[in-house]
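The chain is numbered in sequence order, starting from 1. It should be emphasised that the depicted structure is a prediction, and the values quoted were computed from it without experimental measurement. Side chains are part of it too, since the values below use all heavy atoms of this structure and drop only hydrogens, waters and symmetry mates.
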Amino acid sequence: MVLRPQKTNFQVKIVDNIDTLSSWASNPWRRYSFSLIVLLIGYFLGSSLGMVSAVAELMDPVAALLSVLAIEILIKLRRNYRNDNKKKFLVLLIDSLRLGLFYGFFTESLKLL
């Protein structure tokens, strides 16, 4: 007999809310506007990390490590949710955040030229 693990408070509040958010975003305008907001948040985070590391010149390796870790975590999350049809909206949000981070890092690197 296999016992099902108990749902934790974290799982109830976070994971189930993602399913609720996914059903809320069934309208294409809501889905793409929320995706655009997440893209702009990713851009802000990417450019902010680049600016902070440029000001404090000692933090360049730490900022590079944090940015690579963030991108790799987003890639791993996308790979886990890619085949699940219920999580298509979550994959869209992960891709938008990753794209925003890339654009933020890219525009900060152009400032160094």
Side-chain angles (χ1 to χ4, degrees):
M1 178 168 84
V2 177
L3 294 176
R4 198 165 208 197
Q6 179 182 356
K7 280 191 169 186
T8 61
N9 195 18
F10 173 79
Q11 186 177 7
V12 169
K13 287 185 177 179
I14 303 298
V15 176
D16 292 342
N17 282 338
I18 290 174
D19 294 335
T20 306
L21 183 66
S22 181
S23 66
W24 173 79
S26 62
N27 185 348
W29 284 104
R30 288 180 185 167
R31 183 173 50 242
Y32 293 129
S33 64
F34 199 70
S35 175
L36 181 66
I37 290 170
V38 170
L39 180 115
L40 292 174
I41 289 171
Y43 180 79
F44 173 73
L45 292 175
S47 62
S48 297
L49 186 64
M51 284 187 284
V52 167
S53 67
V55 169
E57 295 170 356
L58 301 174
M59 291 183 54
D60 286 340
V62 175
L65 176 70
L66 289 176
S67 62
V68 168
L69 280 176
I71 297 296
E72 287 297 322
I73 288 171
L74 288 174
I75 290 171
K76 293 285 184 187
L77 283 174
R78 185 189 193 286
R79 196 173 295 156
N80 289 340
Y81 295 130
R82 177 180 49 194
N83 295 328
D84 192 3
N85 287 333
K86 294 180 182 177
K87 306 283 186 190
K88 292 292 184 186
F89 183 62
L90 183 62
V91 171
L92 178 69
L93 293 182
I94 289 171
D95 286 341
S96 297
L97 183 63
R98 192 171 50 143
L99 189 64
L101 283 172
F102 278 137
Y103 281 148
F105 294 147
F106 183 71
T107 54
E108 285 300 314
S109 68
L110 288 178
K111 290 179 185 177
L112 295 175
L113 292 179

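With sequence neighbours excluded, no residue satisfies side-chain hydrogen bond (donor to acceptor under 3.5 Å, both in side chains) with S47. Scanning for salt bridge (Lys or Arg N to Asp or Glu O under 4.0 Å) contacts around R31 gives an empty result, with sequence neighbours left out. In terms of the side-chain hydrogen bond (donor to acceptor under 3.5 Å, both in side chains) criterion, S67 has no residue partners (sequence neighbours excluded). Residues passing the side-chain hydrogen bond (donor to acceptor under 3.5 Å, both in side chains) test with N80: none are found, sequence neighbours excluded. When the side chain to side chain contact (heavy atoms under 4.5 Å, CB included) test is applied to N27, the partners found at least two apart in sequence or on another chain are W29, R30. Residues satisfying the side chain to side chain contact (heavy atoms under 4.5 Å, CB included) criterion with L74, sequence neighbours excluded, are I94, L97, R98, L101.
Within the structure, every pair that satisfies the salt bridge (charged side-chain N to carboxylate O under 4.0 Å, His left out) test and touches residues 103-113, not counting sequence neighbours, is listed here: E108-K111. Sorted by first then second residue, the salt bridge (charged side-chain N to carboxylate O under 4.0 Å, His left out) pairs that include residues 70-79, not counting sequence neighbours, are R78-D95. Residue pairs meeting the salt bridge (charged side-chain N to carboxylate O under 4.0 Å, His left out) criterion with at least one partner in residues 46-56, sequence neighbours excluded, do not occur; the list is empty.
L65 belongs to a hydrophobic cluster whose remaining members, ordered by chain and number, are L69; membership requires side-chain heavy atoms of ILVMFWY residues under 4.5 Å apart, directly or through intermediates. Counting side-chain heavy-atom gaps under 4.5 Å among Ile, Leu, Val, Met, Phe, Trp and Tyr, the cluster of Y103 also holds L36, L39, L40, Y43, L99.
For the pair L93 and S35, the tightest heavy-atom approach, listed with the atom from each and the gap, is CD2-CA, 4.1 Å.
Under the 4.5 Å side-chain criterion, counting only non-hydrogen atoms from C-beta, F34 is not in contact with L92.
With rounding to the nearest 0.5 angstrom, the CZ atom of F105 is 5.0 Å from the CG atom of L49.
Between the side chain of S48 and the main chain of L45, no donor-acceptor pair closer than 3.5 Å is present.
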